[in-house]
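Please read through the structure below; I'll follow up with questions.
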Amino acid sequence: MEIAGKKVSRLGLSTMHLAGRRSWGGPTRRSTALELLRTAVRVHGITHLDTSDAYGPHLVEELIREALAPYPEDLLISTKVGMVRPTPDSWSPVGKPAYLRAAVEGSLRRLGVERLDLCYLHRLDPEVAVDDQIGVLDALRDEGKIGHIGLADAPPEDVRWASHYARIDVVQSQLNLKNPNDPLLDVCRTAGIPYVASQPLCSGELAEDLAAALWWVLDQGEHVAVIPGTSSATHLEELVRVVAGLDSHPPQSDAAPGHPNPITP
């Protein structure tokens with residue numbers, strides 16, 4: 001499927017778990033995290049990595065650069081800005097334009113790129129006008145520092161509202177069998193916007209039946225990609241094996257069969 005101008009695997013990888021516990025601080029073994037990133041891209045052919053400046057904070061973007069730069073041309077690295085982490089348990093949206101601009105500059109520096117292929121607003125800040133938040137990202141796109149703009153975990157009305165001020169290229173939202181009712185699925189389908197499903201295994205609650213959980217999410221439409229997260233090479237291999245086998249051996253379910261091979265573009 002195509003996301004942000006690149007053909008990518010429908011199975012992507014969230015890098016949230018590559019930081020320390022609760023996505024705070026560094027990994028227990030930095031070498032293990034670096035090897036996982038290299039294996040995902042170079043061995044398993046995953047071409048969509050999802051990260052954020054809030055993971056670590058900042059540290060996971062640095063891990064991606066250390067592991068993979070110079071990057072393959074077909075690799076899409078999406079990052080997010082607009083969330084601060086004063087403590088391990090605190091996630092606070094900050095949408096002031098000056099802060100968002102500085103955050104984008106920081107991500108550019110840590111990832112070692114001149115342009116972010118896909119930059120999400122991690123959350124809309126309710127204390128800042130939507131047009132100010134989206135406007136600065138659009139200005140950065142005009143300046144060539146952002147290629148495509150995404151919104152993460154925004155309700156449909158906010159996506160529609162933001163679209164009045166700039167083109168929204170991708171939407172990311174939580175979707176899984178325990179949280180199956182997201183109206184953004186149809187909003188994105190109608191608008192032709194890729195929908196990136198985060199937490200398809202519901203933070204591990206659905207891990208006992210990977211095939212059924214991932215099949216259900218991917219079967220919601222050809223515009224849907226999944227980004228499960230892991231810090232385990234064994235779990236990553238299992239995810240790849242399960243998703244690659246869904247075409248030939250879909251699990252028994254009430255969902256309609258038939259979608260493109262999720263591990264290939």
Exercise. Which atom names give the shortest non-hydrogen contact between Asp169 and Arg167, and what distance separates them?
Worked result: OD1-NE, 2.6 Å

Exercise. Roughly how far, to the nearest 0.5 Å, is OG of Ser163 from CG of Asp158?
Worked result: 10.5 Å

Problem set entry | Residue Lys6 excluded, over 12 heavy atoms near NZ under 6.0 Å | yes

For this session: Could you tell me which non-hydrogen atom of Gln199 sits nearest to which non-hydrogen atom of Asn176, and how far apart they are?
Result: O-ND2, 2.8 Å

Seminar exercise, completed: Between Pro200 and Leu206, the two heavy atoms sitting closest are O-CD1, 3.8 Å

For this session: Without swapping roles, check the side chain of Arg141 against the backbone of Ala166 for a donor-acceptor pair under 3.5 Å.
Result: no

For this session: Could you walk me through whether Leu140 and Leu100 pass the side chain to side chain contact (heavy atoms under 4.5 Å, CB included) test, one step at a time?
Result: CA-CA 10 Å; Leu140 287 161; Leu100 294 178; 5.8 Å; no

Exercise. Hey, are the side chains of His223 and Ile193 touching, using non-hydrogen atoms and a 4.5 Å cut-off?
Worked result: no

Problem set entry | Heavy-atom side-chain contact between Leu59 and Pro27 under 4.5 Å | yes

Exercise. Would you say Ser9's side chain and Thr47's backbone share a donor-acceptor pair under 3.5 angstrom?
Worked result: yes

For this session: Run the numbers on Gln172 and Ile227 for side chain to side chain contact (heavy atoms under 4.5 Å, CB included), then give the verdict.
Result: CA-CA 10 Å; Gln172 183 177 136; Ile227 49 168; 3.6 Å; yes

Problem set entry | Lys145/Glu105 salt bridge by N-O under 4.0 Å criterion | yes

Exercise. Would you say the side-chain atoms of Arg189 pair up with the backbone N or O of Gln220, donor to acceptor, closer than 3.5 Å?
Worked result: yes

For this session: Please check if atom CD in Glu157 has more than 12 non-hydrogen atoms from other residues, nucleotides or ligands closer than 6.0 Å.
Result: yes

Exercise. Where is the tightest heavy-atom contact between Leu175 and Pro180, given as atom of each residue plus distance?
Worked result: CD1-O, 3.7 Å

Exercise. Is a side-chain N or O of Arg65 found less than 3.5 angstrom from the main chain of Arg109, in a donor-acceptor match?
Worked result: yes

Exercise. Are Leu75 and Leu236 linked, directly or through other ILVMFWY residues, by side chains that come within less than 4.5 angstrom of each other?
Worked result: yes

Problem set entry | OG on Ser173 to CG on Leu184, rounded to 0.5 Å | 5.5 Å

Exercise. Okay, side chain of Asp117, backbone of Leu76: is any donor-acceptor separation there less than 3.5 Å?
Worked result: no

Problem set entry | Residue pair Ser78 / Ile3, side-chain heavy-atom distance below 4.5 Å | no

Problem set entry | Worked verdict on Ser231 versus Thr32 for side chain to side chain contact (heavy atoms under 4.5 Å, CB included) | CA-CA 8 Å; Ser231 60; Thr32 300; over 6 Å; no

Seminar exercise, completed: Value for CZ (Arg115) from CG (Leu108), rounded to nearest 0.5 Å, stands at 10.5 Å

For this session: Please report the C-alpha distance between Leu214 and Leu239 in whole Å, then the side-chain angles of each, then the deciding distance to 0.1 Å, and finally whether the side chain to side chain contact (heavy atoms under 4.5 Å, CB included) criterion is met.
Result: CA-CA 9 Å; Leu214 293 173; Leu239 288 167; 3.9 Å; yes

Problem set entry | Straight-line distance of Ile46 CD1 to Leu13 CG, nearest 0.5 Å | 5.5 Å

Problem set entry | Result of checking Val196, Val226, Val224 against Arg10 for side chain to side chain contact (heavy atoms under 4.5 Å, CB included) | Val224

For this session: Please check if atom CD in Glu237 has more than 12 non-hydrogen atoms from other residues, nucleotides or ligands closer than 6.0 Å.
Result: no

For this session: For the residue pair Leu111 and Tyr71, establish whether any side-chain heavy-atom pair is separated by less than 4.5 Å.
Result: yes

For this session: Kindly compute the distance separating CG (Leu36) from CZ (Arg29), expressed to the nearest 0.5 Å.
Result: 13.0 Å

Exercise. Between the side chain of Thr15 and the main-chain N/O of Leu18, is any donor-acceptor distance below 3.5 Å?
Worked result: no

Exercise. Taking C-beta and beyond as the side chain, do Ser52 and His122 meet within less than 4.5 Å on heavy atoms?
Worked result: yes

Exercise. Looking at NZ of Lys178 and CG of Leu201, how far apart are the two atoms once the value is rounded to the nearest 0.5 Å?
Worked result: 12.0 Å

Problem set entry | Any side-chain heavy-atom pair of Leu63 and Leu34 under 4.5 Å | yes

Exercise. Would you say the side chain of Leu68 lies within less than 4.5 Å of the side chain of Arg42, judging by non-hydrogen atoms?
Worked result: yes

Exercise. Side chains of Glu222 and Met1: does their closest heavy-atom pair fall under 4.5 Å?
Worked result: no

Exercise. Does Ile134 belong to the same Ile/Leu/Val/Met/Phe/Trp/Tyr cluster as Val128, with side-chain heavy atoms less than 4.5 Å apart forming each link?
Worked result: no

Problem set entry | Closest heavy-atom pair and its distance - Tyr195, Gln174 | OH-O, 3.9 Å

Exercise. Is the closest basic N to carboxylate O distance between Arg22 and Asp89 below 4.0 Å?
Worked result: yes

For this session: Would you check if the side chain of Arg85 reaches a backbone N or O of Ala54 as a donor-acceptor pair within less than 3.5 Å?
Result: yes

For this session: Might you point out which heavy atoms bring Trp24 and Ala19 nearest each other, and give the distance in Å?
Result: N-CB, 4.2 Å

Seminar exercise, completed: Which of Thr51, Asp153, Asp50 passes side chain to side chain donor-acceptor pair (under 3.5 Å) with Lys80? Answer is Asp50

